[in-house]
Amino acid sequence: MREFRPKYEVVGFNHAQLDLSNLEGVREELGATTFNVLVNAAAFTNVDACETERDRAFRINAEAPGVLAEICNEKDAKLIHFSTDYVFDGEKRAPYREEDQANPISAYGESKLAGENSVLAAGDGHLVVRVSWEFGPDRPSFVDAMIKRAQQDEKIDAISDKFSTPTYTHDIANMLPQFFDHGVAGGVLHFANAGKCTWQEYAQWALDCCRDAGISLKARTVGTLKLSDMTNWVARRPVYSVLSSAKYAQLTGTPPRTWREAVADYITRSYSKK
Ligand SMILES: NC(=O)c1ccc[n+]([C@@H]2O[C@H](COP(=O)([O-])OP(=O)(O)OC[C@H]3O[C@@H](n4cnc5c(N)ncnc54)[C@H](OP(=O)(O)O)[C@@H]3O)[C@@H](O)[C@H]2O)c1
């Protein structure tokens, strides 16, 4: 909303104002609102909880997006709905493209894929944007947790055998208006910062950026953990879920910047001032 407000008239709804598990309430509230574009970044994202709360996962991540798309149809508006790299099984070893077969291995991934399908079935003009490993201001993510731990502990570890790409929410928000027009790109689109890494490499880069920015940390290096060490995880996660942004680059003529540049930028903007 911060990115769009200078240029667009924007109304936002938080969880308390619009509960996606109350579909009747959603119909009433949005039915009474006028808009040209609806962006849905809300979801039930606790991957482990989705395994035990499947009904809730499917209601919020699958049914609700379908209802949002129907409401958009009634208003001749466009829905931009966020989805995830977790729709893939992670068996591939090259970046996943939009046309690759989705094959989720968790209830979260299944519910998100069902959400994509209900949005796309409602109309050609709606856009599903799959993103991966988001980070950015306002909502602490993995990178913030790692920096916090490195401020407190001399030794920190992260998983070194799981691959995807960190993606800056600022970059997502910046690229999105290119797709606000109804006629522009419906269907599925991947958007991730460029490159790939493990969580260990991601955390190490964040610490290196902090050091360059003069932010004092107790830990200097990030040790390695294996996926098999995560015995408390309930859901399976894809080992490799790098998204190819080639279609995005071809549509817009501007490939996303690298994840290293994006993380460095985030740390400069959000940590250097503190
Ligand atoms: N984070 C990632 O790395 C990642 C990776 C790939 C794809 N994605 C996708 O990107 C989108 C945004 O993810 P995120 O990481 O920003 O998720 P998040 O941090 O978990 O935020 C989700 C938001 O949805 C809200 N929400 C949850 N249940 C709701 C409900 N029943 N009704 C209305 N709002 C509800 C949450 O509110 P409360 O906090 O108040 O419950 C929160 O504001 C999702 O579609 C997700 O699947 C995220």
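FYI, side chains are in, hydrogens and waters are out, and symmetry mates aren't considered; it's all heavy atoms of this structure.
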Participant: Would you please say whether a donor-acceptor pair under 3.5 Å links the side chains of Asn73 and His126?
Facilitator: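 The answer is yes; a qualifying pair exists.
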Participant: Side chains of Glu134 and Arg139: does their closest heavy-atom pair fall under 4.5 Å?
Facilitator: no
Participant: So does Arg269 get a backbone contact from the side chain of Ser272, meaning a donor-acceptor N/O pair under 3.5 Å?
Facilitator: no
Participant: Using atom types as modelled and distance alone, determine if a side-chain donor or acceptor of Glu261 lies under 3.5 Å from a backbone N or O of Thr258.
Facilitator: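 Side chain of Glu261 to backbone of Thr258: a pair is present.
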Participant: Could you see if Met1 belongs to whatever hydrophobic cluster contains Leu79? Use Ile, Leu, Val, Met, Phe, Trp, Tyr and a side-chain cutoff under 4.5 Å.
Facilitator: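 Hydrophobic grouping puts Met1 apart from Leu79.
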Participant: Looking only at heavy atoms, which two atoms of Thr165 and Ser132 are closest? And how far apart?
Facilitator: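 Shortest heavy-atom separation between Thr165 and Ser132 comes out as O-OG, 2.7 Å.
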Participant: Counting only heavy atoms not in Arg236, do more than 12 sit closer than 6.0 Å to its CZ atom?
Facilitator: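 Incorrect, the count does not exceed 12.
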Participant: How close do Ala194 and Pro256 get, counting heavy atoms only, and between which atoms?
Facilitator: CB-O, 3.8 Å
Participant: Is a donor from one side chain sitting under 3.5 angstrom from an acceptor on the other, for Ser83 and Glu116?
Facilitator: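 Result is yes, a qualifying pair exists.
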Participant: Is the shortest side-chain heavy-atom distance between Glu98 and Leu189 below 4.5 Å?
Facilitator: yes
Participant: Under the ring-ring contact (aromatic ring centres under 6.0 Å, His included) criterion, do Tyr108 and Phe58 qualify, and how do the steps go?
Facilitator: CA-CA 8 Å; Tyr108 169 69; Phe58 273 81; over 10 Å; no
Participant: Check Glu201 with Lys196, please: is the shortest side-chain N to carboxylate O separation under 4.0 Å?
Facilitator: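 Salt bridge: no.
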Participant: Would you say CD of Glu99 has more than 12 non-hydrogen atoms from neighbouring residues, nucleotides or ligands within 6.0 angstrom?
Facilitator: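 More than 12 heavy atoms, drawn from other residues, nucleotides or ligands, come within 6.0 Å of this atom.
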Participant: Compare every heavy atom of Ala185 with every heavy atom of Lys78, then report the nearest pair and how far apart it is.
Facilitator: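 It is NZ-O, 3.4 Å.
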Participant: Give a yes or no on whether Val184 and Leu251 share a hydrophobic cluster (residues Ile, Leu, Val, Met, Phe, Trp, Tyr; joining criterion: side-chain heavy atoms under 4.5 Å apart).
Facilitator: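 Shared cluster, yes.
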Participant: Taking atom OG1 of Thr221 and atom CD of Glu154, what is their separation to the nearest 0.5 Å?
Facilitator: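 Interatomic distance, Thr221 OG1 to Glu154 CD, rounded to 0.5 Å: 10.5 Å.
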Participant: Heavy-atom distance under 4.5 Å between the side chains of Trp259 and Thr167, does that happen here?
Facilitator: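 They are not in contact (no side-chain heavy atoms under 4.5 Å apart), so the answer is no.
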Participant: Do Ile156 and Leu207 have side chains that approach each other closer than 4.5 Å (heavy atoms only, starting at C-beta)?
Facilitator: yes
Participant: For the residue pair Tyr266 / Asp144, report whether a side-chain donor-acceptor contact shorter than 3.5 Å exists.
Facilitator: yes
Participant: Using a 4.5 Å cut-off on heavy atoms from C-beta on, say whether the side chain of Lys112 contacts that of Asn117.
Facilitator: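 No, too far: nothing below the 4.5 Å cut-off.
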Participant: So does Val222 get a backbone contact from the side chain of Lys155, meaning a donor-acceptor N/O pair under 3.5 Å?
Facilitator: no
Participant: Nearest 0.5 Å, please: how far is NE2 in His15 from OG in Ser21?
Facilitator: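 One finds 6.0 Å between OG of Ser21 and NE2 of His15.
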Participant: For the pair Thr52 (side chain) and Ala49 (backbone), establish whether a donor and an acceptor sit closer than 3.5 Å, ignoring hydrogens and angles.
Facilitator: yes
Participant: If you compare all heavy atoms of Val143 against all heavy atoms of Ala206, which two are closest, and at what distance to 0.1 Å?
Facilitator: CG2-CB, 3.5 Å
Participant: Please evaluate residues Lys162 and Arg237 with respect to the criterion side chain to side chain contact (heavy atoms under 4.5 Å, CB included), reporting the C-alpha separation (whole Å), side-chain torsions for both, the decisive distance (0.1 Å), and the verdict.
Facilitator: CA-CA 9 Å; Lys162 182 177 179 345; Arg237 280 124 164 116; 3.8 Å; yes
Participant: Just do the salt bridge (Lys or Arg N to Asp or Glu O under 4.0 Å) check on Asp157 and Lys226 with the steps written out, would you?
Facilitator: CA-CA 10 Å; Asp157 303 310; Lys226 296 273 170 231; over 6 Å; no
Participant: Hey, mind stepping through Phe142 and Trp199 against ring-ring contact (aromatic ring centres under 6.0 Å, His included) and telling me if it holds?
Facilitator: CA-CA 9 Å; Phe142 172 81; Trp199 273 336; 5.5 Å; yes
Participant: Is a donor from one side chain sitting under 3.5 angstrom from an acceptor on the other, for Tyr96 and Gln101?
Facilitator: no
Participant: Without swapping roles, check the side chain of Asp181 against the backbone of Gly183 for a donor-acceptor pair under 3.5 Å.
Facilitator: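 Not a single qualifying donor-acceptor pair exists.
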Participant: Salt bridge or not between Arg257 and Asp171? Use side-chain N to carboxylate O under 4.0 Å.
Facilitator: yes
Participant: Distance from Leu120 atom CG to His81 atom NE2, nearest 0.5 Å?
Facilitator: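 Going from the CG atom of Leu120 to the NE2 atom of His81 covers 9.0 Å.
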Participant: Between Asn22 and Asp19, is there a donor-acceptor pair closer than 3.5 Å when you use the side chain of the first and the backbone of the second?
Facilitator: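 A pair under 3.5 Å: no.
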Participant: Using a 6.0 Å cut-off, check whether atom NZ of Lys75 has over 12 heavy atoms from anything other than its own residue.
Facilitator: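 Yes, the 6.0 Å shell around NZ holds more than 12 heavy atoms from other groups.
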Participant: Can you establish whether the number of heavy atoms outside Asp55 located under 6.0 Å from its atom CG is more than 12?
Facilitator: no
Participant: Please report the shortest heavy-atom distance between Ile159 and Met230, naming the atom on each side.
Facilitator: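 Taking every non-hydrogen atom into account, CD1-CG, 3.4 Å.
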Participant: With side chains defined as the heavy atoms from C-beta onward, is the minimum distance between Ile172 and Phe191 less than 4.5 Å?
Facilitator: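 Yes. Closest side-chain heavy atoms under 4.5 Å.
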Participant: When you measure from the side chain of Glu51 to the backbone of Ala107, do you find a donor-acceptor pair of N or O atoms at a distance under 3.5 Å?
Facilitator: yes
Participant: Does Arg93 CZ have over 12 foreign heavy atoms under 6.0 Å away?
Facilitator: yes
Participant: Quick one: CG on Leu38 to CG on Asn36, what's the gap to the nearest 0.5 Å?
Facilitator: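 Answer rounded to 0.5 Å: 11.0 Å.
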Participant: Donor-acceptor check, side chain of Asp48 to backbone of Ala235, threshold 3.5 angstrom: yes or no?
Facilitator: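 Looks like yes, one N/O pair under 3.5 Å.
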Participant: Rounded to the nearest 0.5 Å, how far does CD of Gln204 lie from OG1 of Thr224?
Facilitator: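 Taking OG1 in Thr224 and CD in Gln204, the distance rounds to 11.0 Å.
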Participant: Does CG in Asn14 sit with more than 12 non-hydrogen atoms of other residues, nucleotides or ligands closer than 6.0 Å?
Facilitator: yes
Participant: So if you build clusters from Ile, Leu, Val, Met, Phe, Trp, Tyr with side-chain heavy-atom gaps below 4.5 Å, do Val239 and Phe88 land together?
Facilitator: no
Participant: So, are Arg220 and Asp208 salt-bridged, with charged N and O less than 4.0 Å apart?
Facilitator: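 No, no charged N to carboxylate O under 4.0 Å.
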Participant: Could you tell me whether the side chain of Tyr8 reaches within less than 4.5 Å of the side chain of Phe180, counting heavy atoms only?
Facilitator: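 They are in side-chain contact.
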Participant: Tell me whether Val128 shares a hydrophobic cluster with Phe44, the cluster being built from Ile, Leu, Val, Met, Phe, Trp, Tyr side chains joined at under 4.5 Å.
Facilitator: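 Per the 4.5 Å side-chain linkage, Val128 and Phe44 are co-clustered.
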Participant: Which class fits the ring pair Tyr240 and Phe163: parallel under 30°, tilted 30 to 60°, perpendicular over 60°?
Facilitator: tilted
Participant: So for atom CZ, which belongs to Arg211, do other residues, nucleotides or ligands contribute more than 12 heavy atoms lying within a distance under 6.0 Å?
Facilitator: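 More than 12 within 6.0 Å, yes.
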Participant: Just how far is it from atom CG of Leu18 to atom CD of Glu28, taken to the nearest 0.5 Å?
Facilitator: 11.0 Å
Participant: Between Ile215 and Gln151, is there a side-chain heavy-atom distance shorter than 4.5 Å?
Facilitator: yes
Participant: Donor-acceptor pair, distance only, cut-off 3.5 Å: does the side chain of Asn40 make one with the backbone of Ala42?
Facilitator: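 Pair found, side chain donor or acceptor close to backbone of Ala42.
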Participant: Taking atom types as modelled, is there a side-chain donor on Asp85 or Ser164 under 3.5 Å from an acceptor on the other?
Facilitator: yes
Participant: Closest approach of Leu176 and Val39, non-hydrogen atoms and distance?
Facilitator: CD2-CG1, 4.0 Å
Participant: Decide side chain to side chain contact (heavy atoms under 4.5 Å, CB included) for Ile147 and Ile267; before the verdict, give the C-alpha distance in whole Å, the side-chain angles of both, and the deciding distance to 0.1 Å.
Facilitator: CA-CA 10 Å; Ile147 293 170; Ile267 287 172; 4.1 Å; yes
Participant: When the ring planes of Tyr168 and His170 are compared, do they come out parallel, tilted or perpendicular, using 30° and 60° as the limits?
Facilitator: tilted
Participant: Grouping I, L, V, M, F, W and Y whenever their side-chain heavy atoms are under 4.5 Å apart, do Val119 and Phe13 come out in a common cluster?
Facilitator: yes
Participant: Are more than 12 heavy atoms, taken from residues, nucleotides or ligands other than Asn103, located less than 6.0 Å from that residue's CG atom?
Facilitator: yes
